[in-house]
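Structure first, then comments.
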Amino acid sequence: MKASPSALLLLAAWIVALIALAVIAERRLAVDSDLRLFLPAPSTDEQRLLLDAIGEGPAARLLIVELSRADAPTLADASRALADALRNDERFRFVANGDETLEGLPDALLAYRYLLHPDPTTRTFDREWLRMALEARARDLASPGGFALEPLIPRDPTFVLAALLDRWQPAHEPPRELGVWFDAARERALLLAETRAPAFDPDRQRDALDALQRAFAATGVANAVTLSTSGTGGFSVLMEARTRATAENLTRLAAIGMLAVLLVAYRRPSVLIVSALPLATAAVAGLAAVSIVFGAVHGITLAFGFTLLGVAQDYPLHLLSHGRPSAEPRMVARAIWPTLATGVASTCIAYLTFWLSGAAGLAQLACFTVVGLAAAALTTRYVLPGLLAPGARDYGDSRALRRIARAIAELPRPRFAPLVLALACVGATIAAPRPFWDNDLSTLTPVPEELVAHDRELRETLSLADVRHQLAVVAPTADAALERVEALDAELARLVATGAIASYDHAARYLPSAAVQRARQAELPSTDVLSAELAAALADSPFRRDAFAPFVADVERARTLPPLTPAVARAVPAVGARLDTLLLERDGAFTAVVALGGVSDVAPLRSLAGRTTGVTVLDVRAAAESLVAEQRSRMLLCLAFGALLLVAVVGFALRDSRRVYRVLAPLALTTLVVVAALQLAGVSLNLFHLISLILAAGLGLDYALFFEHSAEDPAEQARTLHAVLVCAASTLLVFVLLATADLPVLRAIGTPVALGVVVNFALALLITRGTTVTRRAAP
Amino acid sequence: MRHANATTARTARCHASFALGRVIAVCVAALAVAQNVAALDSATLIARLARTPPASIPFVDVRFSELLNEPVVVRGRLFYEGAGALERRVEQPYLETTTIRGDSVRVQRAGEVDRAFTLRRAAELRGFLTALTGLLTGDGRFLEQHFDIAASGDESRWRLTLDPSDGRVRERLRAITVAGAGNEPHCFVIDDTRGGASVLLLGSKAAQALPQPLTRDSLQESCAAE
């Protein structure tokens, strides 16, 4: 590096500019882990519902909290204290532990109790029924709970409110011990807490989990009781932390290894700064561009983007390896620019096709990588020469490198070998027994099996809805949607009886349609009739004659109330949370979701959906996979266009079909070899493999372009060999480390790139260099 | 009952163990003779009331309410099984069992579904149980944390008035008055803030005929009588 004041000033100015840009990008850019930002925009109602269900669905947002290792009374007390604390916490939408409370029920809605309960006995007010109720209430008054019940009795002597709260409990409750949920063995108290944060938002999920821990610590029994949680959200926190920790460790190791490679190759510590500058510029420029154009970016897009930027690490290495005492860095930069620019331009143009894919995640990816790579190339061309002193030595004079170059030139190169290799790879890929693609993104960050099994057991204990299957009922109005799910009740009950499903839940269980509410109003007696029956019932009770005036008034009010609407019902805490997830509005249409528990047979559900208008069976997993497949199809289509563009750009730059073949054949063959190798090793490809293959191809393109360019001059050949060796060695080191990680997502990135670097390097030497040498030998 | 361990330890220390319903008359007589009628110290009195679990005692509970024309009267037995564990069995005029464990209360009544609720939502019951626990464990300091305590009378006939000190409890529970003689508490009067009350007669008092007319005040008077 040059020690001149102007060079230092330039470096300082550049670093300040990068920091400023980074600050701007950081302020504007929201990094989201919402999977929907990455997947293609949904085009049908069903797909929209599915995208909701992936991360936002109530089942996915549910945390199961277990309290254990203490006696039942202590656990029950802890369960209540924790539930009370969480009910007051904004981060939780809904908390249930089996403990019913009338608190939070708006007074104005209490009269609706007679319209909401399906059991006709809740609307029965004959004298015998009332007499029994009053007798029980007198006993309640004399019981230890009497003081607490006393305020309710004048208004609700038949305890319909309590029956309604019971009804609002989950369809199949776990056993209750001391009034709160326990597991069957009565050893663990169980709570359900629905977070507001979607499951795939690890930051907000972690926030909710922290709040849970704080609330638990505040109960004062944290020393005596053991708390543990389970659920999709908890898993996403766990896996995010694990992936991050592994990736950070590996990155640290890789950075050290890379520094070592660069120090060995150039023997000057200052090159470390210079070689880091283009990549840093690429990252900052890419982020700034995405923040300006899109404002928000998905975490996966960023992960893919940073992976693809890896190719920019090679740009300064070409400049350094081609430097020599006799040439000003500016001259060197100018000399390698056509080759470098061809590589960058063709890669960028190929990536630009992603922008046209129509998927937000891919457009962001294109913006990030294209801007990043262009910035890195321009930095290498125009900024680095100002910072560099002329090279201390000429790698073109290295006798060792020249010997290696000669040895490589003398390797046998059967003419049909590339064709045979290509056919062999295609054959192997076709013959490999594994499915070619793996559409399940969750296999990339697998949750430990014992946690999944534990979660499954808990969900069975709590009879929670199946995360995978649901029915969706679409209707033009909310009330029509409610009517349609009510109409399904008989069929669903039959499916429960036959064992096809274990349980079901839908919005009309909490809020009946207006028609049903009106029918129930008609069952209620007039004030005169009720008063007469009540007076008869009171005749032989200890209660005062006028004690139940509020009850008579409530029944009369219930007779004339307008039917309860979803908008008003949402004010009831227990009901609002269920309606939010079971009755959805989008673009003026309403969808009622029928949550299904313990689905053992999907066929009768499909047949039910087939027979009923507006009803569809949602298979969340299948649809999520179809979305991933759709995203991949778009990527492949883009890549096909990109490949054509790449051929066109390289053809335009080189203007010779044989040269185009020499540059493009190695990377095409490498892709085939890597795919075949993965398939033979039993690995199905996913999106991360695909992105890694694209990176490997980008690296291979640069290797081949430089080899191709250096064909004529032995000194230049030696310099290029040095450059590509350093590039390949440093890249290989990083990605071999990733390939050894125990997390599938990191392996999916590491393995194809590591393999790709080796194969690209070898094939570029054999095909690109080989044919040029042959041509030189001929007259 | 939240300080279960501490109170158990104190219970062990206060070893004035008397089986309930036994020797009490003898004790009362002996004490009345042996000791002069001195100013009553509530702490000493409370310490003397401690019982070693398990203990059981018959009771009569008379419930007064603004909703009622006439009070509801139930009879049965109380079972004290240690701090935080109490069972109340109604035997007359119907069968009902209430089990209290920690903050959890379960009511089982023949022919009806069980009902469970928490003391966190039943301030009056919680206040009564706090008072009862404090007395049964003889833990004056524990009682003072929850009530302002006033003692009156003498060894042979005494009265403790417990006014809840917690604001939220005071909204629902006006006061608990415990009347007794010697080492035996005779009755608990629980007054709520809505004009209702529950009078709990224990032990020998539960066996006596109820005063007529049956009012809160007439009961309290009969508690004070020999």
Side-chain angles (χ1 to χ4, degrees), chain A residues 70-81 83-84 97-103 132-155 157 159 162-163 166 176-180 189 220-221 224 538 540-548 550, chain B residues 1-2 4-5 61-74 84-86 88 90 93-129 172-173 190 192-194 196-198 200:
Chain A
D71 58 358
T74 311
L75 293 177
D77 291 356
S79 168
R80 290 200 172 92
D84 280 357
N97 67 339
D99 184 23
E100 296 159 357
T101 168
L102 290 167
E103 282 165 28
M132 282 164 60
L134 295 185
E135 187 179 273
R137 293 305 83 80
R139 292 173 180 186
D140 286 337
L141 264 187
S143 81
F147 285 108
L149 292 171
E150 191 176 351
L152 300 173
I153 289 174
R155 191 163 183 183
F159 273 5
D166 249 343
R176 274 197 241 179
E177 180 78 14
L178 302 168
V180 299
V221 292
L538 277 165
D540 51 356
S541 97
F543 285 103
R544 275 171 34 192
R545 308 296 100 163
D546 58 350
F548 297 100
Chain B
M1 45 188 68
R2 308 184 107 198
N5 291 332
D61 197 347
V62 186
R63 178 73 160 89
F64 298 91
S65 161
E66 291 284 278
L67 300 177
L68 295 172
N69 264 333
E70 58 201 65
V72 181
V73 182
V74 295
L86 192 78
R88 175 187 186 266
V90 173
Y94 48 86
L95 295 179
E96 178 190 274
T97 303
T98 305
T99 318
I100 299 166
R101 295 282 182 278
D103 273 355
S104 306
V105 185
R106 190 174 64 193
V107 184
Q108 297 163 287
R109 199 181 294 146
E112 289 183 36
V113 269
D114 293 1
R115 192 179 304 130
F117 62 95
T118 164
L119 290 181
R120 299 163 75 83
R121 303 209 177 85
E124 302 89 345
L125 179 58
R126 181 178 215 150
F128 164 67
L129 286 170
R172 310 261 298 261
L173 175 67
I190 305 160
D192 71 15
T193 50
R194 294 181 298 263
S198 165
L200 186 69

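No experiment lies behind these values; they were computed from the predicted model shown. Note on naming: letters A, B, ... go to the chains in the order of the sequence lines (proteins, then strands), and numbering restarts at 1 for each one.
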Could you verify whether a donor N or O on one side chain and an acceptor N or O on the other, from Ser104(B) and Arg80(A), lie under 3.5 Å apart?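 Short answer, yes.
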Check the side chains of Glu96(B) and Ser143(A) for a donor-acceptor pair under 3.5 angstrom, ignoring hydrogens and angles. no
cation_pi(Arg139(A), Tyr94(B)) dist<6.0 Å, angle<=45: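 Positive - Arg139(A) is close enough to the ring of Tyr94(B) and near enough to its axis.
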What option among Ala76(A), Pro144(A), Ala547(A) has the most heavy-atom pairs under 4.5 Å with chain B?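 Option with the top pair count is Pro144(A).
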Most heavy-atom pairs under 4.5 angstrom with chain B, which of Ala138(A), Ala148(A), Ala142(A), Ser541(A)?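 Looking at each option in turn, the highest pair count goes to Ala142(A).
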Residues Asp114(B) and Arg109(B) bridged, charged N to O under 4.0 Å: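 Salt bridge absent between Asp114(B) and Arg109(B).
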Quick check: does any side chain N or O of Arg544(A) sit under 3.5 Å from a backbone N or O of Glu66(B), one acting as donor and the other as acceptor?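 Between the backbone of Glu66(B) and the side chain of Arg544(A) there is a qualifying donor-acceptor contact (under 3.5 Å).
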Any donor and acceptor pair, going by atom type alone, linking the side chain of Arg63(B) with main-chain N or O of Leu141(A) inside 3.5 Å?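 Confirmed, Arg63(B) side chain pairs with Leu141(A) backbone.
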Using heavy-atom distances under 4.5 Å, tell me whether [X] contacts chain A through its side chain, its backbone, both, or neither.
{"X": "Leu173(B)", "result": "neither"}
{"X": "Thr98(B)", "result": "side chain"}
{"X": "Val105(B)", "result": "neither"}

Greatest number of non-hydrogen atom pairs under 4.5 angstrom with chain A, of Val62(B), Leu125(B), Leu67(B), falls to Leu67(B)
Which bit of Ala72(A) is near chain B, if near means a heavy-atom gap under 4.5 Å: side chain, backbone, both or neither?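 Neither part.
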Proximity breakdown for Asp140(A) and chain B, heavy-atom pairs closer than 4.5 Å: both
